[in-house]
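A quick write-up on the structure given underneath.
By convention in this document, chain letters (A, B, ...) are assigned in the order of the sequence lines, proteins followed by strands, and residues within each chain are numbered from 1. Values in this document were obtained by computation on a predicted structure and should not be read as measured data.
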There are 2 protein chains.
Amino acid sequence: MQPKLSTRQKRILKFIESFIEEHGYPPTIREIGEAVDIASTSVVNYNLNKLVEYGLLARSPEVSRGLRLVSADQPKEVPLKVADVAHLVQVPLVGKIAASAPVPLPGEDFGYYFDDDDVIDVPQSMLGKHRQGELFALRVTGDSMIDAMVADGDIIVLQRQNVAQNGEMVAVYLTERGETTLKKYYLEGKQVRLQPANPMMDPIYVDADQVNIQGRVLAVLRTLH
Amino acid sequence: MQPKLSTRQKRILKFIESFIEEHGYPPTIREIGEAVDIASTSVVNYNLNKLVEYGLLARSPEVSRGLRLVSADQPKEVPLKVADVAHLVQVPLVGKIAASAPVPLPGEDFGYYFDDDDVIDVPQSMLGKHRQGELFALRVTGDSMIDAMVADGDIIVLQRQNVAQNGEMVAVYLTERGETTLKKYYLEGKQVRLQPANPMMDPIYVDADQVNIQGRVLAVLRTLH
DNA sequence: CTTGACACAGAACATGGGTTCGGTCTATAA
DNA sequence: TTATAGACCGAACCCATGTTCTGTGTCAAG
């Protein structure tokens, strides 16, 4: 399904690649024609469709610049080589979390304008499904989260949200106790059961209206060095 | 030069970002308007120009989908991107670790020939100093590592080594007990003190010649999804 | 030689999509 | 009060751009 490409088709592919690199958006049919020295738009169109056949290109019909390069078959890279940059997410490290204090949440400028210093890189594969731009991270201080299997110095990555599904690990602020904690969340009638990650620990029960969900925990990261 | 963005402008930025992510090319003014719930194309145009003023966006006049996100705040631009890429390491996930079994170590082909499926991406910043090519990762099964603050399903990243400095967290195999465990290592005369990460747990003492160091723990990763 | 697939040219067509302009509404300054 | 600026709406304008159609020349199979 992948015969040799004609010279023109190769030039087209190369041009599209470099054009996107330079402009941030794909070229039009006419721009391609000019670059590859094809007089007629229909011929460019013809060759683009060929490239789609070969699985090297994706097109969105009736959409201007509706081109997308399909990641050609990647001959497996050298082991321990760098991975794709697209799989790396930068998460702002907005503060610290401890049992005695509320969770510091990112401000209005969520997702923009944060210092480079307070950003951690996380592979997207570690985060699963999440909403882009609503991630933040906290450094745990103290040993108060031991029942959540979280140690002093750990970093937790959260997605900002105020509600949770049963079974999700969330950061909650208990208004009555004035206390922050990480627990698995289970709504049971008017009460909420907060279950520690450590299976040897007992759950606690609190009224639902005293549970203030700060975010869902996506990952816990611990580095030893 | 960079006042607070309006809600609309933030939504526009986010939408452009995710649209490009999804389609490979930027959205049109009308697509933005639909997504951000703006009725008039002129208003979208108006806000886009605002974002250009703020230096968050670049536009190509008279060009359909002529949008480009400007890397928000980047004093140093290209270097940062390059550095980011270089900071991602692929670590082979060579097996599982449990208290009852020895640590599965990578075979002779260390660093070469491992399946793509069993590789995890880790930012180099999480690993600190390590020797390239001698990293491996293990998935923890069971709750036997609770005293090390490591839960069922966690992934630990190790560097292969047979000796350790005092205070380092290591994976050790205790020949007499036939048991694998994660502890902080302290050589004290002829004995070794193995200290759990959990400060509430007591250390154990074993003869030095019965402690078989499998590797040094560089990181512990927990994903919840 | 005839046929038909293939690559191409040129032009017409229709819609996609950026731009412009007059007008409304609100808030703050004069 | 009026005035001015910012944010917004709606509609028109018109070039940009994907699509389609007719037609050419080539080449290998029949």
Side-chain angles (χ1 to χ4, degrees), chain A residues 1-20 22-70 108-109, chain B residues 1-20 22-70:
Chain A
M1 199 43 198
Q2 199 157 303
K4 55 190 176 297
L5 300 178
S6 74
T7 306
R8 276 189 163 174
Q9 286 159 6
K10 273 186 252 182
R11 288 184 65 192
I12 289 177
L13 273 186
K14 278 217 152 194
F15 174 71
I16 294 176
E17 187 178 358
S18 61
F19 188 99
I20 293 179
E22 181 177 352
H23 294 88
Y25 47 83
T28 66
I29 284 186
R30 285 175 178 80
E31 284 166 340
I32 295 173
E34 200 167 331
V36 190
D37 209 46
I38 296 178
S40 174
T41 59
S42 64
V43 177
V44 177
N45 186 57
Y46 172 85
N47 282 293
L48 288 180
N49 287 331
K50 282 291 172 193
L51 291 172
V52 172
E53 269 182 44
Y54 301 156
L56 297 172
L57 196 68
R59 297 189 74 184
S60 306
E62 321 239 335
V63 168
S64 68
R65 305 174 189 274
L67 303 175
R68 185 182 353 182
L69 289 171
V70 172
E108 262 313 297
D109 53 353
Chain B
M1 185 47 188
Q2 203 155 294
K4 57 196 179 299
L5 300 178
S6 72
T7 305
R8 274 189 165 173
Q9 287 158 6
K10 273 188 254 181
R11 290 184 64 193
I12 288 177
L13 274 184
K14 281 195 188 177
F15 174 70
I16 293 175
E17 188 179 357
S18 61
F19 188 99
I20 292 178
E22 181 176 353
H23 295 88
Y25 47 82
T28 66
I29 285 186
R30 286 175 178 79
E31 284 165 339
I32 295 173
E34 201 167 332
V36 189
D37 209 44
I38 296 178
S40 175
T41 58
S42 63
V43 177
V44 178
N45 186 56
Y46 172 83
N47 282 293
L48 288 179
N49 287 331
K50 282 291 172 194
L51 290 171
V52 172
E53 267 183 46
Y54 301 156
L56 297 171
L57 197 67
R59 297 189 72 183
S60 305
E62 321 239 337
V63 168
S64 68
R65 304 175 188 275
L67 303 175
R68 186 184 350 182
L69 287 173
V70 173

How close or far is atom C1' of D:dC14 from atom CD of B:Glu62, stated in whole angstroms?
10 Å
Rounded to the nearest 0.5 Å, what separation is found between the CG atom of B:Asp37 and the CD1 atom of B:Ile32?
14.0 Å
Report the nucleotide, chosen from D:dT19, D:dA11, C:dG18, that has the shortest atom-to-atom distance to any side-chain atom of B:Ser64.
C:dG18
base_contact_polar (C:dG16 base, B:Arg30 side chain, donor-acceptor, <3.5 Å)
no
Using atom OH of A:Tyr25 as one end and atom P of C:dG16 as the other, report the distance to the nearest whole Å.
21 Å
Would you kindly give the CZ-to-P distance between A:Arg8 and C:dA7, to the nearest whole Å?
11 Å
In whole angstrom, give the distance that lies between atom CD1 of B:Ile29 and atom C1' of D:dC9.
15 Å
Rounded distance (Å) that lies between atom C1' of D:dT17 and atom CZ of A:Phe19:
13 Å
CD1 of B:Ile32 versus C1' of C:dG16: gap in Å, rounded?
15 Å
Report yes if a side-chain nitrogen or oxygen of A:Lys50 is closer than 4.0 Å to either non-bridging phosphate oxygen (OP1 or OP2) of C:dC6; otherwise report no.
no
4.5 Å side-chain heavy-atom contact, B:Ile16 and B:Leu57
yes
Plane angle bin for A:Phe19 and A:His23 - parallel if under 30°, tilted between 30 and 60°, otherwise perpendicular
parallel
Closest to the B:Asn47 side chain: C:dA7, D:dC8, D:dA7?
D:dC8
OP1 or OP2 of D:dT17 sitting under 4.0 Å from any side-chain N/O of A:Arg65?
yes
So, does the side chain of A:Thr41 form a donor-acceptor pair with the base of D:dT17 at under 3.5 Å?
no
Would the base of C:dT19 count as contacting B:Ser42 through its side chain, where contact means a donor and an acceptor less than 3.5 Å apart?
no
Sidechain-backbone polar pair: A:Arg30 side chain, A:Thr41 backbone, donor-acceptor under 3.5 Å:
no
What is the distance, rounded to the nearest whole Å, between atom CG of B:Leu48 and atom C1' of C:dG18?
11 Å
Of the listed nucleotides D:dA7, D:dC9, C:dG18, the one nearest the side chain of B:Ile38:
D:dC9
Rounded to whole angstrom units, what separation is found between the CZ atom of B:Arg59 and the C1' atom of C:dG18?
7 Å
Please walk me through it: do A:Val43 and A:Arg8 pass side chain to side chain contact (heavy atoms under 4.5 Å, CB included)?
CA-CA 10 Å; A:Val43 177; A:Arg8 276 189 163 174; 3.8 Å; yes
Need one value for A:Asn45: base, sugar-phosphate or nothing, where a base atom within 4.0 Å counts as base even if backbone is also close, heavy atoms only.
base
Between B:Tyr46 and D:dC8, is there a side-chain N or O to OP1/OP2 distance below 4.0 Å?
no
Does any N or O donor sit under 3.5 Å from an N or O acceptor when you compare the side chain of A:Ser40 with the base of C:dG10?
yes
